[in-house]
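Both counts, for ligands and for their atoms, begin at 1 and track the order of listing.
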Amino acid sequence: MTKTKAAHAQDAKIPTQTALNPGDEAPPGTKGTGDDVCPDCHGKGRIDGAPCATCGGSGTITRAVGGA
Ligand SMILES: [Zn+2]
């Protein structure tokens with residue numbers, strides 16, 4: 001009846017921050033950035049039936065807008 005409870009150490013998959021997609025210029029929520037339609041898949045999130053690598057399949061990227 002001794003169940004190992006120390007196995008939670010390998011459960012470190014929870015991201016503390018959203019991973020950036022190749023098309024992202026900044027982490028989401030960064031000041032001076034905004035969502036923009038992915039230039040590669042044009043918001044579809046897919047290219048030729050495969051998930052778009054640029055936006056990670058979300059169809060949008062985070063782009064620096066530099067509004068100031
Ligand atoms: Zn895309």
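- Between the CG atom in D35 and the OG1 atom in T60 there is a gap of 4.5 Å [rounded to 0.5 Å].
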In residues 38-52, what donor-acceptor pairs under 3.5 Å come from side-chain atoms, sequence neighbours left out?
from : atom 1 : to  : atom 2 : distance (Å)
D40  : OD2    : T54 : OG1    : 2.4
R46  : NH1    : G49 : O      : 2.4

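- For A26, the side chain to side chain contact (heavy atoms under 4.5 Å, CB included) partners two or more places apart in sequence, or in a different chain, are T30, T33.
- Neighbours of the Zn ion (ligand 1) restricted to protein N, O or S atoms under 2.8 Å: the count is 4.
- Residues T62 and P27 share a closest heavy-atom pair of CG2-O, 4.1 Å.
- Pairs passing the salt bridge (Lys or Arg N to Asp or Glu O under 4.0 Å) check and including a residue from residues 20-34, sequence neighbours excluded, do not occur.
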